[in-house]
Amino acid sequence: MAAATAGKTGSARTSGGSTRTPTSTATASGRPVRRLVIVESPSKARKIQPYLGDDYVVESSVGHIRDLPRGAADVPAKYKGESWARLGVDVDNQFSPLYIVTPEKKSTVSDLREALKSVDELLLATDPDREGEAIAWHLLETLKPKVPVRRMVFHEITESAIRAAAENTRELDQNLVDAQETRRILDRLYGYEVSPVLWKKVMPKLSAGRVQSVTTRLVVQRERDRIAFRSAEYWDIAATLDAGAEATPRTFGARLVQVDDARVATGRDFDSLGQLKKASRPSSGDGAGVVVLNEAEARRLADGLQGRDLAVTSVESKPYTRKPYPPFMTSTLQQEAGRKLRFSSERTMRSAQRLYENGYITYMRTDSTTLSDSAIQAARAQARELYGDAFVADKPRQYTRKVKNAQEAHEAIRPAGESFRTPGDIAREVDGDDFRLYELVWQRTIASQMNDARGTTVSVRIGGTAATGESVVFASSGRTITFPGFLKAYVETVDDGSSAQADDAESRLPELTEGQALTAAELNPDGHSTSPPSRFTEPALIKVMEELGIGRPSTYASTIKTILDRGYVWKKGSALVPSWVAFSVVGLMEAHFGQLVDYDFTAEMEDDLDSIASGDDSRVHWLNGFYFGAENRGSEIAKAGGLKKLVGANLEEIDARTINSITMFTDAQDRDVVVRVGRYGPYLERIVDGESQRANLPDELPPDELTEEIAEKLFSVPQEGRKLGTDPETGHEVVVKEGRFGPYVTELLPEPEVPEGAKKKPAKPKPRTGSLLKSMSVETVTLADALKLLSLPRVVGKDPESGDEITAQNGRYGPYLKKGTDSRSLADEEQLFTVTLEEALELYKQPKQRGRGRGAAQPPLRELGEDPSTSKKMVIKDGRFGPYVTDGETNASLRKGDSVEELTDERASELLAERRAKAPAKKTTTTTRRTAAASKSGGTSARSSTAKKTGTSTTKKTTTSRARKTPTN
DNA sequence: CAGTGAGCGAGCTTCCGCTTGACTT
């Protein structure tokens with residue numbers, strides 16, 4: 001049963017009005033009080049049960065049990081006709097949400113109801129965070145318990161903590177529940193209002209959302225930076241200096257850092273576009289500034305320094321200490337498993353889930369780095385045992401963190417238990433991914449309780465004067481680690497493509513003193529070029545998501561899966577590359593929904609949710625601002641007039657053609673080279689002599705590799721398809737191609753010879769073409785198939801009465817016969833080649849019929865009874881769009897979940913009633929209205945705006961903007 | 001991105017977060 005509630009009632013109070021705390025231990029009859037405890041996770045329930053004993057029954061909700069309906073199919077009949085049914089939120093009535101028990105949770109809910117029957121009290125022990133509070137409230141609303149209810153919270157799963165939590169319960173925090181509900185509704189409104197804009201303007205089935213859209217934007221922006229990047233070259237001198245025979249090591253490396261008063265530029269002086277940063281330019285007033293050496297200068301200097309005296313001008317020694325890293329939380333685990341083990345975040349989470357369920361590690365979806373006291377003791381004990389006292393930190397280390405949106409409902413991820421099993425201990429039980437991940441968690445946890453690594457860093461500067469007069473300074477630094485501390489147990493891996501040094505890397509310098517003379521064993525001019533910012537890997541992207549506070553531990557992996565599934569991003573090795581569609585979508589969002597893809601949007605939302613949780617703001621007030629707008633307060637989107645207005649205005653204003661055109665650069669003739677995102681994938685276009693020139697873009701070409709050079713190459717490749725062979729009759733080559741209307745075969749005609757003295761080129765003859773039949777595919781079509789297709793239309797014969805020729809051909813709506821302007825559909829494609837004149841004439845004898853099968857009317861799939869409301873006989877028929885029920889006047893498609901065999905008369909009647917409610921007008925008016933609507937949406941759709949037909953039906957704005965654009969194209 | 005003649009039941013796609021099995025290949 002779908003439990004629907006529109007809006008909250010006063011029943012959201014716990015303990016049924018009772019205020020007794022702590023709860024009593026016995027019933028009036030003297031029997032011990034039995035309590036049902038509901039947690040979120042089944043394995044947590046198993047773990048807690050023994051701590052609480054026989055008077056408690058511990059069950060789990062397995063996450064959320066109710067949610068907004070996913071789509072129309074989930075909406076209970078009662079609300080189907082409502083204007084807000086699509087959203088599942090009654091925006092005009094206090095944003096009342098419609099909650100239904102999630103289909104897969106129905107059995108969980110009935111199990112919980114059953115368990116509730118035998119207890120005297122209910123303890124809602126869901127996680128101590130916003131979502132957990134909401135789950136508790138949903139349980140209360142759904143189970144409607146008759147017994148007292150209390151909220152139980154704990155942050156640690158130990159016997160004492162659990163027992164204490166059971167004794168110190170509280171009431172449900174309605175404000176916190178409100179904050180969660182606000183978050184849920186905001187996400188629904190954002191996702192379900194903005195996604196349809198993308199369907200109309202870019203492509204069907206695309207999606208937008210608070211988390212995925214910003215994440216996609218990050219990847220697109222990085223690619224844009226890479227495209228804009230221009231590599232810069234800078235030089236310095238790498239010297240090998242000799243400290244004399246006594247020194248160890250005798251020689252060491254140093255680099256030129258200064259010439260006269262100017263600092264020699266290094267990679268850090270260049271920005272993300274590869275250009276010298278403003279602050280580093282000589283004109284910035286920063287002393288004598290920075291000098292970028294070129295090759296000639298570097299060589300000249302190196303030559304001028306040959307054999308010159310060098311001397312140590314300063315030696316600076318500083319202690320090096322490095323603190324251990326905090327224990328893992330979800331994001332850092334995914335990052336390190338990605339870097340060290342090369343696991344995708346999904347693979348990491350799958351493995352972690354197994355380890356958790358089998359009792360090897362603590363809960364794996366957490367944003368906390370906190371360890372329980374017993375875990376700290378266990379880690380210290382094990383570190384002591386393995387590495388000795390000196391390696392264990394003097395005092396227990398606790399890692400608190402203040403990170404955006406942290407809810408900290410769980411512990412850090414660590415080995416489970418009061419004492420840890422070493423990887424060796426579990427090697428027999430666990431292998432593969434799970435073993436390697438456990439080892440990682442174990443090492444990191446142990447290391448977190450160990451001592452700092454200590455050592456020394458030494459910075460040396462060496463001066464000299466070149467024969468040509470310049471004074472130069474070389475620099476060198478060394479790091480020695482005298483006490484490795486935690487590094488002995490665990491070293492974090494450095495990101496791919498990062499210039500950072502691992503924490504345990506050492507480099508030794510000899511003992512040097514100020515004034516000490518040195519000689520240069522080698523002076524090598526050294527050229528460098530700046531490199532573009534590297535692409536995101538999954539771990540790197542998750543790190544940024546976490547820093548921006550977008551997404552939650554339970555969703556990092558699934559968000560990445562979503563943007564992969566939608567085709568916004570694809571993987572090249574471990575790098576994430578944005579698709580051209582992503583460029584279109586992000587471009588649209590930035591231009592028209594800028595507030596929604598602002599990197600700070602979630603952070604601001606979290607602040608606002610906090611004020612709802614603290615009671616300073618209300619759910620309805622906030623949502624009103626977000627959806628309907630508010631002038632003086634609230635988010636940027638509220639000031640912009642609210643989401644609803646924005647979506648409406650943008651549907652009219654956004655020009656699909658502009659959105660789906662990504663101008664890359666201008667070619668040598670100053671023509672814009674544009675990537676167009678079309679229905680059949682992206683292609684390149686430019687206007688040459690007033691004509692559009694197009695080229696296919698290879699699927700595997702990352703946007704930043706589309707250089708001018710490559711573009712020229714692509715343009716020069718003829719639009720060729722797969723060659724099938726040569727037509728023996730004409731000698732023309734036959735190819736199969738993907739076209740605007742799907743796959744087709746065509747012949748390649750030889751270039752016509754231009755007769756001498758001819759002023760104009762002769763008109764090009766048109767090649768024969770033919771769409772593939774349904775039974776054929778681009779991959780498997782043969783030359784024989786192609787020749788058959790090219791032989792169409794086939795002359796079937798002449799109508800003896802009129803003398804008109806009857807032909808069989810393949811058209812827009814499939815195979816058909818044509819006689820003048822009169823046509824008849826053929827039942828199957830094979831008939832194109834086999835139908836005889838007699839059969840054709842037989843077909844023409846029958847009047848043109850709609851919905852006909854092979855001449856006879858299609859029998860219904862199933863007969864139903866009479867519609868109780870109209871007393872009309874109902875039948876189920878099969879149509880173009882699948883089975884539908886009809887009473888002769890109204891037709892209604894069967895929905896998801898309806899089956900032809902099991903459809904009841906009641907359900908059929910309901911479907912018909914719904915259909916009637918939607919289109920109450922009479923036939924004629926319905927037709928005109930539908931036509932109008934169709935041409936309107938056609939005018940704004942990406943697909944049609946590129947097709948010729950819509951020229952007349954495009955909106956004024958589209959037309960003007962296209963007209964304006966034409967000259968530049 | 002090829003160009004080829006109808007008339008007609010469309011309905012669905014999509015969000016973020018919280019949790020695991022029960023399905024089939």
Side-chain angles (χ1 to χ4, degrees), chain A residues 40-44 60-65 67-68 70-73 86-88 102 104-105 108 126-127 129-132 134-135 180 183-196 198-199 203-213 353 357 365 551-555 558-559 562 566 676 678-681 683 685 692 694-696 719 737-742 744-746 766-771 793 809-814 816-818 821-825 848 850-851 877 879-886 890-893 895-896 911-912 915 919 927 930 946 948:
Chain A
E40 289 181 37
S41 143
S43 46
K44 202 187 230 181
S60 65
S61 72
V62 202
H64 273 291
I65 55 158
D67 193 11
L68 303 174
R70 235 171 37 78
R86 184 182 66 86
L87 294 172
T102 323
E104 63 267 25
K105 290 295 165 55
T108 309
T126 47
D127 293 351
D129 57 17
R130 200 164 61 207
E131 296 295 329
I135 292 174
Q180 189 276 345
R183 197 277 307 153
R184 179 68 190 90
I185 293 174
L186 155 76
D187 283 331
R188 169 52 63 92
L189 294 175
Y190 183 149
Y192 275 37
E193 289 285 29
V194 179
S195 297
L198 301 181
W199 304 341
M203 224 184 245
K205 300 196 180 182
L206 294 178
S207 60
R210 175 173 56 84
V211 172
Q212 60 168 289
S213 292
Q353 177 87 29
E357 281 172 15
R365 288 186 280 266
R552 303 277 314 138
S554 63
T555 61
S558 61
T559 301
T562 298
R566 296 281 172 276
R676 287 202 190 281
R679 182 130 115 95
Y680 301 105
Y683 60 96
E685 188 180 41
S692 155
R694 293 175 167 148
N696 279 323
Q719 293 261 14
K737 290 176 156 184
E738 286 282 357
R740 232 182 340 146
F741 312 115
Y744 68 104
V745 293
T746 186
K766 284 197 172 159
R768 293 173 297 161
T769 61
S771 282
Q809 47 196 305
N810 197 19
R812 167 101 175 74
Y813 309 107
Y816 68 106
L817 293 172
K818 188 178 176 182
T821 55
D822 198 10
S823 67
R824 291 288 185 281
S825 285
K848 215 175 215 180
R850 48 177 89 150
K877 290 190 172 181
R880 259 202 312 155
F881 305 115
Y884 66 101
V885 55
T886 178
T890 309
N891 305 311
S893 279
R895 307 286 175 77
K896 246 191 208 167
L911 287 170
L912 288 172
R915 182 74 195 118
T927 316
R930 196 183 296 135
T946 52
K948 289 179 209 161

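Here is the naming used below: chain letters follow the sequence lines, and residue numbers restart at 1 for every chain. Bear in mind the structure is a predicted one, so any value in this text is a computation, not a measurement.
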Protein within reach of the bases, or only the backbone? For nucleotides 15-20 of chain B, mark each nucleotide 5' to 3' as B, S or -, using heavy atoms under 4.0 Å.
BBBBBS
Once you apply a heavy-atom cut-off of 4.0 Å, does A:Pro793 come out as touching a base, just sugar-phosphate, or nothing?
nothing
Please answer whether B:dA6 and A:Tyr816 are stacked, defined here as ring centres separated by less than 5.5 Å and planes angled under 30°.
no
Applying side-chain hydrogen bond (donor to acceptor under 3.5 Å, both in side chains), name anything that partners A:Ser207, two or more places apart in sequence or on another chain.
A:Gln212, A:Arg566
Under the salt bridge (Lys or Arg N to Asp or Glu O under 4.0 Å) rule, collect the residues that match up with A:Lys105, sequence neighbours excluded.
none
Given atom CG of A:Leu817 and atom C1' of B:dA6, what is their separation to the nearest angstrom?
14 Å
For A:Leu198, answer base if it contacts any base atom (sugar-phosphate contacts may also be present), sugar-phosphate if it contacts only those atoms, and nothing otherwise; contact means non-hydrogen atoms under 4.0 Å.
nothing
Would you please name every residue forming a side-chain contact (heavy atoms from CB on, under 4.5 Å) with A:Asn810, sequence neighbours left out?
A:Ser771, A:Leu773, A:Leu792, A:Pro815, A:Leu832
Return the value, rounded to whole Å, for the distance between atom CH2 of A:Trp199 and atom C1' of B:dC12.
7 Å
Determine, step by step, whether A:Thr102 and A:His64 satisfy the side chain to side chain contact (heavy atoms under 4.5 Å, CB included) criterion, reporting the C-alpha distance in whole Å, the side-chain angles of both residues, the deciding distance to 0.1 Å, and the verdict.
CA-CA 8 Å; A:Thr102 323; A:His64 273 291; 5.8 Å; no
Measure from OH on A:Tyr683 to C1' on B:dA2 and round the result to the nearest Å.
14 Å
With sequence neighbours excluded, residues passing side-chain contact (heavy atoms from CB on, under 4.5 Å) with A:Lys818
A:Thr807, A:Gln809, A:Tyr816
According to a 3.5 Å limit on both distances, what stems of 3 or more consecutive Watson-Crick or G-U pairs are formed with DNA chain B?
none
Euclidean distance, atom CZ of residue A:Arg768 to atom P of B:dG3 [Å, nearest integer]
14 Å
Output the rounded distance in Å from OH (A:Tyr744) to P (B:dT4).
13 Å
For A:Val211, enumerate each residue passing the side-chain contact (heavy atoms from CB on, under 4.5 Å) test, keeping only those at least two apart in sequence or located in another chain.
A:Thr215, A:Met545, A:Thr559
For A:Ser43, side-chain hydrogen bond (donor to acceptor under 3.5 Å, both in side chains) partners two or more places apart:
A:Ser41, A:Tyr356
Closest of B:dG3, B:dT4, B:dA10 to the A:Ser893 side chain is B:dA10
From CG of A:Leu87 across to P of B:dT14 the rounded distance in Å is 16 Å
Going by the rule salt bridge (Lys or Arg N to Asp or Glu O under 4.0 Å), which residues pair with A:Arg183 if we only count those two or more places apart in sequence or in a different chain?
A:Glu131, A:Asp187
